[in-house]
Amino acid sequence: ALKLLKKLGWVHWDISISNILWYNGGSKLADLEYAKRIDDKMSHDMWAANQTRFFMSVEVPAQLYLFLPDEPPNNGCREFLFAHNYLHDLKSLWWVAVWIVFYNEFWGPQRSDADTYPDLQDIDRQLAAAETLFPPSIKDKDRQNGFQTAFPRICKELPDSQQIICSHLNVLPRNLIKHYKKFEAMLPHSINMPTPKDEGRDDDEDAIHATFEQIFTSSQRLEFILAFIPDVL
């Protein structure tokens, strides 16, 4: 769905746990209320998000580009009007996946109600780790640290059943940062729709979507049942 939006020149702008619906064994992207054209330079201001802020790319509330090259881009200018782009949507999708991993128990498909429930100390440790990544008060610096460096370390607090999915998700930040740097090196041109002259740009942008598809598809092949932790306790 995000790849299609990007092809059409739109960004969703509001990717969160509430806007991805589970239906007939698959997921559907919902709530296009805040969707905007990527080249709509007058409508990317920050709004009073609450739950959605948990899943926002840190660049969005800061309204800053954080991966600009050391040397100014093509026109020599380092000051650009901030615009939400498709990479911010993908980063929000990554945060949604991380939220699911940290706020759920992963049970094998053969588990029955008679099976022993998780140890409460393990649950407490997992929730404490979750709060490190999703604190009640979000600071941009801590948020960026969670995305770039803290995630692999905090994943070690999770049960073994979640470790393999964490290893899959850990591939994505590195790929996103690489694409952020490419995108921001081409500002302000990169915030406009590609033209026939932009040879290779579509292929490059498709590559990051393909990486996300590969990681999420490989995780779907794992057999488990999600049990939301508040329902387990």
Side-chain angles (χ1 to χ4, degrees), residues 14-22 25 27 49-62 66 88-177 180 211-233:
D14 192 24
I15 302 294
S16 74
I17 199 71
S18 301
N19 293 335
I20 299 176
L21 310 179
W22 183 255
S27 56
N50 36 62
Q51 184 189 33
T52 302
R53 192 175 175 92
F54 275 136
F55 308 104
M56 279 185 175
S57 167
V58 68
E59 290 195 327
V60 176
L66 301 179
H88 299 134
D89 279 349
L90 287 174
K91 191 171 180 181
S92 292
L93 184 61
W94 182 82
W95 279 114
V96 167
V98 171
W99 189 96
I100 291 171
V101 169
F102 276 81
Y103 280 102
N104 284 274
E105 277 287 306
F106 285 50
W107 295 348
Q110 306 304 319
R111 185 187 179 100
S112 69
D113 291 340
D115 290 334
T116 304
Y117 279 91
D119 185 278
L120 289 181
Q121 289 185 339
D122 291 339
I123 292 292
D124 286 342
R125 184 164 57 249
Q126 181 169 333
L127 290 176
E131 191 166 313
T132 303
L133 293 172
F134 300 94
S137 177
I138 299 176
K139 297 179 180 179
D140 290 342
K141 183 178 179 180
D142 294 340
R143 188 68 162 169
Q144 187 69 359
N145 179 58
F147 171 71
Q148 290 188 249
T149 60
F151 175 71
R153 171 178 54 80
I154 297 171
C155 277
K156 295 177 182 179
E157 299 297 323
L158 295 176
D160 292 342
S161 58
Q162 277 120 295
Q163 291 293 327
I164 187 169
I165 295 182
C166 278
S167 67
H168 290 172
L169 292 177
N170 195 37
V171 173
L172 296 175
R174 295 193 297 273
N175 277 271
L176 276 170
I177 290 170
Y180 268 123
T211 301
F212 266 74
E213 289 176 17
Q214 180 182 1
I215 293 297
F216 279 73
T217 300
S218 61
S219 298
Q220 286 177 339
R221 296 194 188 105
L222 303 173
E223 292 190 2
F224 54 79
I225 298 171
L226 289 179
F228 186 49
I229 287 179
D231 293 335
V232 171
L233 299 178

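On a predicted model such as this, the values are computed, not experimentally measured, just so you know. Only heavy atoms go into these numbers, but all of them, side chains included; no hydrogens, no water, no symmetry mates. Sequential numbering from 1 along the given sequence is applied to the chain's residues.
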Please confirm whether the backbone N or O of [Y] pairs with a side-chain atom of [X], one donor and one acceptor, at under 3.5 Å?
X: Asn104; Y: Ile100; result: yes
X: Glu59; Y: Leu66; result: yes
X: Asp89; Y: Ile15; result: no
X: Gln126; Y: Pro159; result: no

*asked:* If we check side chain to side chain contact (heavy atoms under 4.5 Å, CB included) with Val101, which of these qualifies: Val96, Leu133, Leu158?
replied: Leu158
Are [X] and [Y] packed together at the side-chain level, in the sense that at least one heavy-atom pair is separated by less than 4.5 angstrom?
X: Leu93; Y: Phe216; result: yes
X: Tyr180; Y: Lys91; result: yes
X: Ile123; Y: Glu105; result: yes
X: Tyr103; Y: Leu127; result: yes
X: Phe102; Y: Cys155; result: yes

Could you grab the distance from atom [atom1] of [X] to atom [atom2] of [Y], nearest 0.5 Å is fine?
X: Asn19; Y: Asp14; atom1: CG; atom2: CG; answer: 5.0 Å
X: Trp95; Y: Ser16; atom1: CH2; atom2: OG; answer: 14.5 Å
X: Ser167; Y: Ile215; atom1: OG; atom2: CD1; answer: 8.0 Å

_In this structure, is the centre-to-centre distance between the rings of Phe151 and Trp94 below 6.0 Å?_
yes
*Do Phe55 and His88 have ring centres separated by under 6.0 Å?*
no
Which pair of heavy atoms, one from [X] and one from [Y], lies closest together, and at what distance?
X: Glu157; Y: Arg125; result: OE1-CD, 2.9 Å
X: Asn170; Y: Pro173; result: O-CD, 3.4 Å
X: Leu21; Y: Ser18; result: CD2-O, 4.0 Å

